[in-house]
Amino acid sequence: MDKNKTVEILKKYDFKFTKSLGQNFLIDDRVLDDIIESSNISKDDIVIEIGPGFGALTRKLLGKAKKVIAIELDSSLIPILEEELEEFDNLEIINEDALKYDFNNLNTEGSKFKIVANLPYYITTPILSKLIDYRNIISSITIMIQEEVARRIVSKPNSKDYGALSIYIQLYCNTSTVTKVKSTAFMPQPKVDSQVIKLEFLDKPKVDLINEEYFFKIVRSSFNQRRKTLSNSLKSLGLSKEDLMKSFEVSDIDPIRRGETLSIEEFALLSNNMVKIK
(Lines give C-alpha, C1' and ligand atoms only; values in the text may rest on other atoms or scores of the structure.)
Protein backbone atom coordinates (compact mmCIF):
# COMPACT_ATOMS: atom_id res chain seq x y z
CA MET A 1 0.00 0.00 0.00
CA ASP A 2 1.28 3.46 -0.93
CA LYS A 3 0.27 5.55 2.06
CA ASN A 4 -0.51 9.24 1.69
CA LYS A 5 0.01 12.01 4.27
CA THR A 6 -3.23 11.26 6.11
CA VAL A 7 -1.57 9.19 8.83
CA GLU A 8 0.97 11.87 9.71
CA ILE A 9 -1.71 14.58 9.60
CA LEU A 10 -3.80 12.54 12.05
CA LYS A 11 -0.88 12.51 14.46
CA LYS A 12 0.06 16.13 13.81
CA TYR A 13 -3.36 17.49 14.79
CA ASP A 14 -4.22 14.73 17.29
CA PHE A 15 -7.52 14.34 15.44
CA LYS A 16 -10.42 12.58 17.16
CA PHE A 17 -12.75 10.66 14.83
CA THR A 18 -16.48 11.41 14.96
CA LYS A 19 -18.23 8.06 14.70
CA SER A 20 -21.64 9.60 13.96
CA LEU A 21 -20.22 11.17 10.77
CA GLY A 22 -19.02 7.82 9.43
CA GLN A 23 -15.44 9.07 9.13
CA ASN A 24 -13.11 6.62 7.38
CA PHE A 25 -10.15 8.37 5.77
CA LEU A 26 -8.50 6.87 2.70
CA ILE A 27 -4.77 6.27 3.25
CA ASP A 28 -3.87 4.42 0.03
CA ASP A 29 -2.44 6.69 -2.67
CA ARG A 30 -2.95 4.09 -5.38
CA VAL A 31 -6.71 4.22 -4.85
CA LEU A 32 -6.61 8.02 -4.95
CA ASP A 33 -4.80 7.84 -8.29
CA ASP A 34 -7.47 5.45 -9.63
CA ILE A 35 -10.18 7.93 -8.61
CA ILE A 36 -8.35 10.82 -10.27
CA GLU A 37 -7.75 8.89 -13.49
CA SER A 38 -11.35 7.69 -13.79
CA SER A 39 -12.73 11.17 -13.01
CA ASN A 40 -11.19 12.49 -16.24
CA ILE A 41 -10.45 15.87 -14.69
CA SER A 42 -9.02 18.58 -16.92
CA LYS A 43 -7.93 22.21 -16.42
CA ASP A 44 -11.34 23.28 -17.72
CA ASP A 45 -13.25 21.42 -14.99
CA ILE A 46 -14.82 22.65 -11.79
CA VAL A 47 -14.94 19.79 -9.30
CA ILE A 48 -17.14 19.48 -6.23
CA GLU A 49 -15.64 17.22 -3.59
CA ILE A 50 -18.04 16.03 -0.90
CA GLY A 51 -16.32 15.16 2.37
CA PRO A 52 -12.67 16.09 1.69
CA GLY A 53 -11.49 14.94 5.13
CA PHE A 54 -7.82 15.89 5.50
CA GLY A 55 -7.52 16.80 1.81
CA ALA A 56 -5.56 13.82 0.43
CA LEU A 57 -7.82 13.54 -2.62
CA THR A 58 -8.40 17.31 -2.68
CA ARG A 59 -4.69 17.94 -3.19
CA LYS A 60 -4.61 15.67 -6.24
CA LEU A 61 -7.78 17.24 -7.64
CA LEU A 62 -6.36 20.74 -7.21
CA GLY A 63 -3.43 19.80 -9.40
CA LYS A 64 -5.76 18.71 -12.19
CA ALA A 65 -8.85 20.96 -12.09
CA LYS A 66 -9.58 24.58 -12.80
CA LYS A 67 -11.25 24.87 -9.39
CA VAL A 68 -12.18 22.56 -6.52
CA ILE A 69 -15.09 23.32 -4.19
CA ALA A 70 -14.82 21.14 -1.09
CA ILE A 71 -17.97 20.69 1.00
CA GLU A 72 -17.15 19.48 4.51
CA LEU A 73 -19.63 18.99 7.37
CA ASP A 74 -17.10 18.58 10.20
CA SER A 75 -16.09 22.11 11.27
CA SER A 76 -13.01 20.76 13.09
CA LEU A 77 -11.56 19.77 9.71
CA ILE A 78 -11.88 23.21 8.12
CA PRO A 79 -8.76 24.81 9.70
CA ILE A 80 -6.76 21.65 8.91
CA LEU A 81 -7.80 21.81 5.26
CA GLU A 82 -7.01 25.51 5.09
CA GLU A 83 -3.54 24.98 6.56
CA GLU A 84 -2.62 21.83 4.63
CA LEU A 85 -3.79 23.23 1.27
CA GLU A 86 -2.85 26.90 1.75
CA GLU A 87 -0.56 26.94 -1.31
CA PHE A 88 -3.49 26.43 -3.71
CA ASP A 89 -5.44 29.39 -5.03
CA ASN A 90 -8.07 27.30 -6.86
CA LEU A 91 -9.72 25.91 -3.71
CA GLU A 92 -12.99 26.98 -2.08
CA ILE A 93 -14.04 25.32 1.20
CA ILE A 94 -17.68 25.27 2.29
CA ASN A 95 -18.56 24.17 5.82
CA GLU A 96 -22.02 22.72 5.14
CA ASP A 97 -24.00 19.48 5.16
CA ALA A 98 -24.03 18.29 1.52
CA LEU A 99 -27.38 16.59 2.16
CA LYS A 100 -28.97 19.98 2.90
CA TYR A 101 -26.92 22.21 0.63
CA ASP A 102 -28.46 23.82 -2.46
CA PHE A 103 -26.00 23.06 -5.26
CA ASN A 104 -27.55 25.80 -7.36
CA ASN A 105 -25.77 28.24 -5.05
CA LEU A 106 -22.35 27.06 -6.24
CA ASN A 107 -20.37 29.45 -8.41
CA THR A 108 -19.54 27.13 -11.31
CA GLU A 109 -19.23 29.92 -13.87
CA GLY A 110 -22.16 28.64 -15.90
CA SER A 111 -20.68 25.24 -16.70
CA LYS A 112 -21.57 21.75 -15.50
CA PHE A 113 -19.37 20.41 -12.73
CA LYS A 114 -18.03 17.00 -11.75
CA ILE A 115 -18.63 15.39 -8.37
CA VAL A 116 -15.88 13.39 -6.66
CA ALA A 117 -16.40 11.91 -3.20
CA ASN A 118 -15.42 9.29 -0.67
CA LEU A 119 -18.86 9.06 0.90
CA PRO A 120 -19.76 7.95 4.42
CA TYR A 121 -21.76 4.77 3.94
CA TYR A 122 -24.83 6.04 5.75
CA ILE A 123 -25.49 8.92 3.32
CA THR A 124 -24.85 7.06 0.05
CA THR A 125 -28.43 6.57 -1.14
CA PRO A 126 -29.82 9.94 0.03
CA ILE A 127 -26.90 11.91 -1.43
CA LEU A 128 -27.15 10.11 -4.79
CA SER A 129 -30.91 10.78 -4.88
CA LYS A 130 -30.21 14.44 -4.16
CA LEU A 131 -27.49 14.72 -6.81
CA ILE A 132 -29.73 13.18 -9.46
CA ASP A 133 -32.13 16.06 -8.85
CA TYR A 134 -29.26 18.38 -9.91
CA ARG A 135 -28.42 16.41 -13.06
CA ASN A 136 -28.90 19.50 -15.22
CA ILE A 137 -25.74 21.02 -13.68
CA ILE A 138 -23.65 17.86 -13.06
CA SER A 139 -21.81 15.95 -15.80
CA SER A 140 -20.46 13.00 -13.78
CA ILE A 141 -20.11 11.53 -10.31
CA THR A 142 -17.09 9.46 -9.25
CA ILE A 143 -17.62 8.06 -5.77
CA MET A 144 -16.32 5.49 -3.35
CA ILE A 145 -19.12 3.69 -1.55
CA GLN A 146 -19.88 0.44 0.25
CA GLU A 147 -19.26 -2.52 -2.08
CA GLU A 148 -22.72 -3.99 -1.60
CA VAL A 149 -24.44 -0.74 -2.65
CA ALA A 150 -22.04 -0.28 -5.58
CA ARG A 151 -22.97 -3.73 -6.91
CA ARG A 152 -26.65 -2.86 -6.70
CA ILE A 153 -26.15 0.38 -8.62
CA VAL A 154 -24.26 -1.13 -11.58
CA SER A 155 -26.04 -4.52 -11.76
CA LYS A 156 -28.08 -5.75 -14.72
CA PRO A 157 -31.30 -7.82 -14.96
CA ASN A 158 -31.29 -11.43 -13.75
CA SER A 159 -28.87 -10.60 -10.95
CA LYS A 160 -29.58 -10.86 -7.22
CA ASP A 161 -28.21 -7.33 -6.84
CA TYR A 162 -30.50 -5.86 -9.51
CA GLY A 163 -33.37 -3.88 -8.07
CA ALA A 164 -35.14 -0.53 -7.74
CA LEU A 165 -31.90 1.32 -6.97
CA SER A 166 -30.24 -0.10 -10.11
CA ILE A 167 -33.10 1.13 -12.28
CA TYR A 168 -33.36 4.52 -10.57
CA ILE A 169 -29.67 5.33 -11.16
CA GLN A 170 -29.41 3.74 -14.60
CA LEU A 171 -32.45 5.64 -15.88
CA TYR A 172 -30.35 8.82 -15.73
CA CYS A 173 -26.74 7.57 -15.89
CA ASN A 174 -24.29 5.28 -17.57
CA THR A 175 -22.68 3.34 -14.72
CA SER A 176 -19.31 1.62 -14.46
CA THR A 177 -17.10 0.08 -11.80
CA VAL A 178 -13.65 1.66 -11.42
CA THR A 179 -11.94 -0.43 -8.73
CA LYS A 180 -12.52 -2.45 -5.59
CA VAL A 181 -11.05 -1.10 -2.35
CA LYS A 182 -10.18 -3.26 0.66
CA SER A 183 -11.10 -2.04 4.14
CA THR A 184 -7.37 -1.89 4.95
CA ALA A 185 -7.10 1.16 2.67
CA PHE A 186 -8.89 3.27 5.32
CA MET A 187 -8.24 4.64 8.77
CA PRO A 188 -10.07 3.66 10.86
CA GLN A 189 -10.89 0.46 8.98
CA PRO A 190 -14.57 -0.06 8.16
CA LYS A 191 -16.07 -3.52 8.57
CA VAL A 192 -16.75 -3.93 4.84
CA ASP A 193 -14.93 -3.36 1.56
CA SER A 194 -15.72 -0.52 -0.84
CA GLN A 195 -15.88 0.15 -4.56
CA VAL A 196 -15.24 3.21 -6.66
CA ILE A 197 -17.92 3.67 -9.31
CA LYS A 198 -18.53 6.30 -11.95
CA LEU A 199 -21.90 7.70 -13.01
CA GLU A 200 -22.06 9.72 -16.22
CA PHE A 201 -25.30 11.62 -16.68
CA LEU A 202 -27.21 11.08 -19.92
CA ASP A 203 -28.55 14.05 -21.88
CA LYS A 204 -32.03 12.67 -21.25
CA PRO A 205 -33.44 9.64 -19.37
CA LYS A 206 -32.59 6.30 -20.95
CA VAL A 207 -36.24 5.65 -21.87
CA ASP A 208 -39.23 7.85 -22.71
CA LEU A 209 -41.85 7.80 -19.97
CA ILE A 210 -45.41 9.08 -20.05
CA ASN A 211 -45.50 9.29 -16.26
CA GLU A 212 -42.17 9.02 -14.41
CA GLU A 213 -43.80 8.82 -10.98
CA TYR A 214 -45.97 5.90 -12.07
CA PHE A 215 -42.95 4.18 -13.62
CA PHE A 216 -41.14 4.21 -10.26
CA LYS A 217 -44.29 3.04 -8.50
CA ILE A 218 -44.34 -0.02 -10.77
CA VAL A 219 -40.61 -0.63 -10.23
CA ARG A 220 -40.89 -0.44 -6.43
CA SER A 221 -43.93 -2.73 -6.40
CA SER A 222 -42.11 -5.25 -8.60
CA PHE A 223 -39.23 -5.53 -6.12
CA ASN A 224 -41.07 -5.26 -2.80
CA GLN A 225 -41.30 -9.06 -2.72
CA ARG A 226 -38.74 -10.30 -5.22
CA ARG A 227 -40.04 -13.85 -5.47
CA LYS A 228 -43.53 -12.80 -6.49
CA THR A 229 -44.55 -12.85 -10.13
CA LEU A 230 -45.36 -9.52 -11.77
CA SER A 231 -49.06 -10.39 -11.96
CA ASN A 232 -49.11 -10.74 -8.16
CA SER A 233 -46.75 -7.93 -7.19
CA LEU A 234 -48.53 -5.33 -9.37
CA LYS A 235 -52.03 -6.06 -8.02
CA SER A 236 -51.46 -3.25 -5.51
CA LEU A 237 -51.48 -0.64 -8.30
CA GLY A 238 -55.27 -0.64 -8.37
CA LEU A 239 -55.84 -1.83 -11.94
CA SER A 240 -58.56 -4.37 -12.59
CA LYS A 241 -57.31 -7.87 -13.31
CA GLU A 242 -58.51 -7.47 -16.89
CA ASP A 243 -56.60 -4.19 -17.43
CA LEU A 244 -53.49 -5.57 -15.74
CA MET A 245 -53.46 -8.62 -18.01
CA LYS A 246 -54.11 -6.44 -21.05
CA SER A 247 -51.09 -4.30 -20.11
CA PHE A 248 -48.88 -7.39 -20.02
CA GLU A 249 -50.29 -8.60 -23.33
CA VAL A 250 -49.75 -5.37 -25.30
CA SER A 251 -46.27 -5.06 -23.77
CA ASP A 252 -45.44 -8.66 -24.76
CA ILE A 253 -44.34 -9.39 -21.18
CA ASP A 254 -45.23 -12.71 -19.56
CA PRO A 255 -47.09 -11.96 -16.27
CA ILE A 256 -45.39 -14.90 -14.54
CA ARG A 257 -41.99 -13.25 -14.90
CA ARG A 258 -40.42 -11.59 -11.85
CA GLY A 259 -39.33 -7.96 -11.64
CA GLU A 260 -35.64 -8.87 -11.51
CA THR A 261 -35.85 -10.20 -15.09
CA LEU A 262 -37.14 -6.98 -16.68
CA SER A 263 -34.85 -4.44 -18.31
CA ILE A 264 -35.42 -0.69 -17.90
CA GLU A 265 -36.84 -0.66 -21.43
CA GLU A 266 -39.38 -3.36 -20.53
CA PHE A 267 -40.39 -1.56 -17.34
CA ALA A 268 -40.87 1.63 -19.39
CA LEU A 269 -42.99 -0.18 -21.98
CA LEU A 270 -45.16 -1.78 -19.29
CA SER A 271 -45.50 1.51 -17.41
CA ASN A 272 -46.47 3.49 -20.49
CA ASN A 273 -49.08 0.90 -21.51
CA MET A 274 -50.54 0.80 -18.01
CA VAL A 275 -50.87 4.60 -18.04
CA LYS A 276 -52.71 4.41 -21.37
CA ILE A 277 -55.05 1.64 -20.18
CA LYS A 278 -55.88 2.72 -16.63
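Side chains are part of it too, since the values below use all heavy atoms of this structure and drop only hydrogens, waters and symmetry mates. Residue numbers count from 1 along this sequence. Given the structure is predicted, the values throughout are model-derived calculations rather than measurements.
- Legend: residues meeting salt bridge (Lys or Arg N to Asp or Glu O under 4.0 Å) with D161, ordered by chain and number and at least two apart, are R151.
- Inter-residue side-chain proximity for P255 and M245 is flagged as met; some heavy-atom pair is nearer than 4.5 Å.
- I197 places none of its side-chain heavy atoms less than 4.5 Å from the side chain of V178.
- Cluster annotation: L202 is not connected to L165 through the hydrophobic network of ILVMFWY side chains, with a link wherever side-chain heavy atoms come within less than 4.5 Å.
- Side-chain atoms of N95 come within 3.5 Å of backbone N or O of L73 as a donor-acceptor pair.
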*Before giving the answer on side chain to side chain donor-acceptor pair (under 3.5 Å), spell out for S221 and S233 the whole-Å C-alpha distance, their side-chain angles and the decisive distance to 0.1 Å.*
CA-CA 6 Å; S221 297; S233 60; over 6 Å; no
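- Classification of the F223-Y162 ring pair by plane angle, with boundaries at 30° and 60°, yields perpendicular.
- If you run salt bridge (Lys or Arg N to Asp or Glu O under 4.0 Å) between E260 and each of K228, R226, K160, only R226 comes through.
- Residue pairs meeting the side-chain hydrogen bond (donor to acceptor under 3.5 Å, both in side chains) criterion with at least one partner in residues 31-44, sequence neighbours excluded, are D33-K60, S42-D45.
- Side-chain contact between F215 and L270 is absent, with no heavy-atom pair separated by less than 4.5 Å.
- The stretch residues 125-145 participates, sequence neighbours left out, in these side-chain hydrogen bond (donor to acceptor under 3.5 Å, both in side chains) pairs: D102-Y134.
- Ion pairing of E266 with R257 is present here, as a side-chain N (NZ or NE/NH1/NH2) and a carboxylate O approach within less than 4.0 Å.
- In this view, K206 satisfies the side-chain hydrogen bond (donor to acceptor under 3.5 Å, both in side chains) rule with no residue, not counting sequence neighbours.
- Under the 3.5 Å distance criterion, with hydrogens and angles disregarded, a donor-acceptor pair is assigned to the side chains of T229 and N232.
- For S271, there are no side-chain hydrogen bond (donor to acceptor under 3.5 Å, both in side chains) partners two or more places apart in sequence or in a different chain.
- Using a 4.5 Å heavy-atom cutoff, the side chains of K67 and V47 are not in contact.
- Looking at heavy atoms from C-beta onward, L199 lies out of side-chain contact with N174 at the 4.5 angstrom threshold.
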*Can you list the steps and then say if T58 with E49 is a side chain to side chain donor-acceptor pair (under 3.5 Å)?*
CA-CA 7 Å; T58 320; E49 184 186 6; 2.5 Å; yes
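- If you take CD1 on I132 and CD1 on I127, they are separated by 11.0 Å, rounding to the nearest 0.5 Å.
- Proximity of S222 to L230: side-chain heavy atoms (C-beta onward) are separated by under 4.5 Å at one or more points.
- The closest donor-acceptor contact from the side chain of E72 to the backbone of G53 lies under 3.5 Å.
- Checked against side-chain hydrogen bond (donor to acceptor under 3.5 Å, both in side chains), S176 has no partners two or more places apart in sequence or in another chain.
- Qualifying ring pair (Phe, Tyr, Trp, His ring centres under 6.0 Å) partners for F88, counting only residues two or more places apart in sequence or in other chains: none.
- Residues satisfying the ring pair (Phe, Tyr, Trp, His ring centres under 6.0 Å) criterion with F216, sequence neighbours excluded, are Y168.
- Applying the side-chain hydrogen bond (donor to acceptor under 3.5 Å, both in side chains) rule to Q146 yields no partners; only residues at least two apart in sequence or on another chain are considered.
- Judged as a salt bridge (Lys or Arg N to Asp or Glu O under 4.0 Å), and not counting sequence neighbours, E242 has no contacts.
- In terms of heavy atoms, M144 sits closest to S194 at CG-CB, 3.8 Å.
- Residues that satisfy the salt bridge (Lys or Arg N to Asp or Glu O under 4.0 Å) test with K156, not counting sequence neighbours, are absent from this structure.
- Residues N273 and S251 have side chains that bring a donor and an acceptor to within less than 3.5 angstrom of each other.
- In this structure the side chain of L61 reaches within 4.5 angstrom of the side chain of V116, judged on heavy atoms.
- Between S263 and P157, the shortest heavy-atom distance links the atoms CA-CG, 3.8 Å.
- The minimum heavy-atom distance linking L62 with N90 is given by the pair O-ND2, 3.0 Å.
- By the 4.5 Å heavy-atom criterion applied to side chains, K112 and I138 are not counted as neighbours.
- Applying the side chain to side chain contact (heavy atoms under 4.5 Å, CB included) rule to E82 yields the partners I78, I93; only residues at least two apart in sequence or on another chain are considered.
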